[in-house]
2 protein chains.
Amino acid sequence: MAASTLTEVARLAGVSPATASRVLNGSARKPGQDIADRVRQAADSLGYIPNAQAQGLAKSSSGLIGLIVHDIADPYFAAIARGVQEAAREQRKMVLLATTGGAPAEEKEAVAAFAARRADSIVIAGSRSAQPENQEGNAELAAELDRYCRNGGRVAVVGHPVVGAEAPEGYYVVAVPNQELAAALAGKLASGWNGDFVIIGGPKGLFTSDDRVRGFQEGLAAAGREPADIVRTTFNRAGGYEAGLKLAGLIKARQAEAAEGPAGRKLCIFAVNDVMAIGATAALRSEGLRIPRDAIIAGFDDIETLRDFRPALSTVRLPLEEIGRLATRATAPGTASAGEGPDGAESNASGIRGADAEEAAADGVGPHPITGEVTLRRSTETAA
Amino acid sequence: MAASTLTEVARLAGVSPATASRVLNGSARKPGQDIADRVRQAADSLGYIPNAQAQGLAKSSSGLIGLIVHDIADPYFAAIARGVQEAAREQRKMVLLATTGGAPAEEKEAVAAFAARRADSIVIAGSRSAQPENQEGNAELAAELDRYCRNGGRVAVVGHPVVGAEAPEGYYVVAVPNQELAAALAGKLASGWNGDFVIIGGPKGLFTSDDRVRGFQEGLAAAGREPADIVRTTFNRAGGYEAGLKLAGLIKARQAEAAEGPAGRKLCIFAVNDVMAIGATAALRSEGLRIPRDAIIAGFDDIETLRDFRPALSTVRLPLEEIGRLATRATAPGTASAGEGPDGAESNASGIRGADAEEAAADGVGPHPITGEVTLRRSTETAA
DNA sequence: CTGAATCGGGAAAGCGCATTCCCACTACGT
DNA sequence: ACGTAGTGGGAATGCGCTTTCCCGATTCAG
């Protein structure tokens with residue numbers, strides 16, 4: 001038994017396919033009550049399920065939203081995905097998932113695949129990067145997106161615009177104030193802490209990482225502190241661990257030095273995301289160091305699953321789910337028209353806002369810009 | 001500019017659409033080299049992207065894999081999703097995501113939506129449940145799946161078969177030995193621990209939870225221990241927290257009692273999943289209790305993000321990603337034919353195996369069944 | 001009571017592609 | 001030399017649905 005078709009339903013109901021289509025799917029023309037009933041009855045007696053492919057082909061729109069992440073198992077992306085999923089459901093659409101590991105070339109492939117499926121919109125959640133080896137990939141990605149938009153697709157990217165993409169109609173960016181928030185975090189940290197700072201950053205060129213590093217340094221400067229040293233590593237837990245190992249050596253050296261010189265100051269480590277911070281913590285622990293006795297540590301993102309972690313991470317709360325929702329909604333037709341040009345430039349209202357608030361607003365980020373919240377957690381409770 | 005079509009490409013290349021189709025998509029017939037080149041050149045000069053909808057319609061298959069989870073932000077599902085995604089990529093398919101919160105009615109909707117999109121296969125990752133309020137939903141879900149399978153769809157479900165689903169052609173279940181593993185965990189715990197046990201379980205009727213509870217009790221019995229009390233709550237972090245609060249009271253009472261009577265024995269808490277265990281830990285901590293001083297705690301799943309948690313959770317390592325991969329591969333055409341009937345019943349080989357190993361094998365779970373690994377972590381390091 | 005306006009339904013033309021036929025042509029065989 | 005198999009391309013059909021267009025039947029105004 002093959003799936004039954006509209007035609008079969010129509011035949012069973014004794015009407016034409018056109019009529020059947022009109023009653024079963026939201027058409028402007030509503031057939032008469034009696035006929036409608038007959039059709040509906042025929043439909044579910046046959047267990048009719050409309051063929052979305054055919055529907056899509058006929059009205060060229062698929063009810064699909066493409067989501068691109070680096071890794072769906074990363075809690076950061078998982079949280080965003082939840083938001084996207086929610087918004088998709090509001091729009092009665094389904095989400096198509098692609099994971100790319102962050103490589104622009106893969107992302108380009110994903111966009112092409114989404115385009116092939118005639119996805120109504122695409123949300124790109126992974127951080128952009130400007131590393132030289134990605135240059136070509138970025139260009140191709142930009143071109144692909146451009147074409148997608150020109151064909152009526154809508155795309156929202158979280159964080160930074162795609163490198164090299166001119167902003168066509170239908171291109172939105174949800175600005176995340178990484179820099180400002182990192183600066184705020186540094187400020188708060190500095191006010192309660194008189195030691196030195198070290199930053200565990202991601203690979204150079206990764207925008208999210210770079211912004212947070214830059215912001216943090218600015219915050220330190222504003223507080224009259226020396227700039228922090230930077231250890232670069234990969235943007236995940238493993239990278240954090242590796243860097244942690246390195247820093248453990250440093251800390252021990254400083255402690256040894258302090259034993260015979262003036263009191264060495266404790267180190268405050270800022271990892272550019274929570275997962276890296278956790279990795280670093282584990283590394284320190286494995287080296288016999290303790291937090292906050294030997295160092296203190298801060299992260300970024302406020303990953304839900306890690307909130308119960310102890311010693312508690314000082315971190316910046318990013319409304320990840322909300323970000324996903326906003327990005328998705330931005331791509332919904334009939335929403336926040338992409339007012340082009342930064343003419344609507346409203347003044348930078350209260351709270352920490354997007355790096356380019358006006359631009360964000362102009363790009364249809366939604367009713368309110370992304371804000372964040374710095375959370376200083378006291379690591380009073382000692383743990384390895 | 002609308003997306004260009006095959007016909008346009010064909011015209012530009014000066015060939016018929018049929019020929020263009022043959023060269024651009026893997027057809028059995030390979031046109032001549034020169035023509036192929038011309039077509040290919042025309043194609044990318046136009047930036048041609050095949051319309052997957054139309055292709056799907058024409059050959060009735062979509063290259064889509066549907067994945068159903070309770071919540072994509074739950075690290076358990078996120079890990080499975082990663083595996084599914086990986087396997088999907090191997091098969092050059094895309095994954096379509098649906099989150100249902102675990103309600104069978106929603107799941108039925110999702111299956112219908114997947115069927116409408118003509119997904120080639122469906123992976124259902126959430127735990128099944130037999131709660132009375134879900135009875136109707138379960139039946140509908142089973143019916144929907146049945147129809148889907150009869151129309152040539154393939155479905156793999158993780159953990160337990162869908163309630164009420166007779167096993168049609170194309171229906172696979174990846175058995176997870178929750179019960180055995182829980183028993184093994186109980187055994188190990190009991191051998192190093194002479195206090196009482198308490199179980200924090202999910203809602204009654206949730207198979208995964210019930211199996212783990214049952215297995216744990218069996219393990220205790222096998223070790224000559226009294227059965228544990230059970231606190232039922234929701235299957236997530238919040239539930240764990242709530243239960244933890246309750247248990248904190250119990251623990252304090254026992255401690256008070258112990259102060260004036262014979263030495264009260266410490267409690268060992270088994271939460272049926274890691275996330276609940278974390279919640280419980282947080283609750284105990286908030287009540288001023290410490291682990292392992294006042295109680296010890298064990299979980300299940302070995303969620304990656306939680307491995308760095310301290311006090312470390314004793315837990316059972318479930319190869320979540322592998323489970324996702326296996327389930328997905330099981331649905332790939334040309335794989336592990338669904339040998340019907342438990343005739344191939346091989347003896348229960350070494351290692352902990354599926355609840356019904358033969359059935360699992362017969363259901364095409366793949367070359368090797370899911371095993372797990374009990375990890376007893378010492379909570380030597382004290383933390384709140 | 002007739003004309004036009006309206007309504008409710010059907011016929012048919014695609015949407016973009018795969019694929020089955022079919023045909024012209026070449027390369028063989030005996 | 002003729003016939004046959006084989007080859008490479010095109011014409012045409014259909015996948016399941018939406019939508020425009022059309023037409024007969026009502027209804028209402030004049």
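The chains referred to below are lettered A, B, ... by the order of the sequence lines, with proteins before strands, and numbering in each begins at 1. Note that the structure is predicted; figures quoted are calculated from it, not measured.
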Worked check of salt bridge (charged side-chain N to carboxylate O under 4.0 Å, His left out) between B:Arg40 and B:Asp44: CA-CA 6 Å; B:Arg40 244 181 288 273; B:Asp44 58 45; over 6 Å; no

Using a strict threshold of under 4.0 Å (side-chain N to carboxylate O), is an ion pair present between B:Arg150 and B:Asp146? yes

Residues B:Arg325 and B:Glu90 bridged, charged N to O under 4.0 Å: no

Under 3.5 Å, N/O pairs linking protein and nucleotides 22-25 of chain D:
none

Can you tell me how far [atom2] of [N] sits from [atom1] of [X], to the nearest Å?
| X | N | atom1 | atom2 | value |
| --- | --- | --- | --- | --- |
| A:Lys59 | D:dG16 | NZ | P | 17 Å |
| B:Gln55 | C:dC15 | CD | P | 17 Å |
| B:Ile49 | C:dC17 | CD1 | C1' | 15 Å |
| A:Leu57 | C:dG16 | CG | C1' | 6 Å |
| B:Gln53 | C:dC15 | CD | C1' | 10 Å |
| A:Gln33 | C:dC7 | CD | C1' | 16 Å |
| A:Arg117 | C:dG16 | CZ | P | 17 Å |
| A:Asn51 | C:dG16 | CG | C1' | 14 Å |

Return whichever of B:Asp34 or A:Thr5 has its heavy-atom-nearest nucleotide of DNA chain D closer to the 5' end. B:Asp34

Considering only side-chain heavy atoms of B:Pro50, which listed nucleotide, D:dC17, C:dC15, C:dC17, is closest? C:dC17

Could you list all the side chain to side chain donor-acceptor pair (under 3.5 Å) pairs where at least one residue sits in residues 49-73 of chain A, not counting sequence neighbours? A:Asn25-A:Gln55, A:Asp71-B:Arg82

Close side-chain approach of A:Leu141 to A:Arg128, heavy-atom, < 4.5 Å: yes

Test side-chain contact (heavy atoms from CB on, under 4.5 Å) applied to B:Ala156 - qualifying residues, sequence neighbours left out: B:Tyr172, B:Ala327, B:Thr331

Please name all residues satisfying side-chain contact (heavy atoms from CB on, under 4.5 Å) with B:Ala79, sequence neighbours left out, ordered by chain then number. B:Leu320

Here the residues of residues 15-25 of chain A within 4.0 Å heavy-atom distance, strictly under, of DNA chain D are A:Ala18, A:Ser21, A:Arg22, A:Asn25

Can you sort out the partners of B:Phe114 under ring pair (Phe, Tyr, Trp, His ring centres under 6.0 Å), two or more places apart, ordered by chain and number? none

Of A:Ile35 and A:Ala58, the one whose nearest nucleotide on DNA chain C sits closer to the 5' end is A:Ile35

B:Ile35 CD1 to B:Arg22 CZ distance, which is reported to the nearest 0.5 Å: 10.0 Å

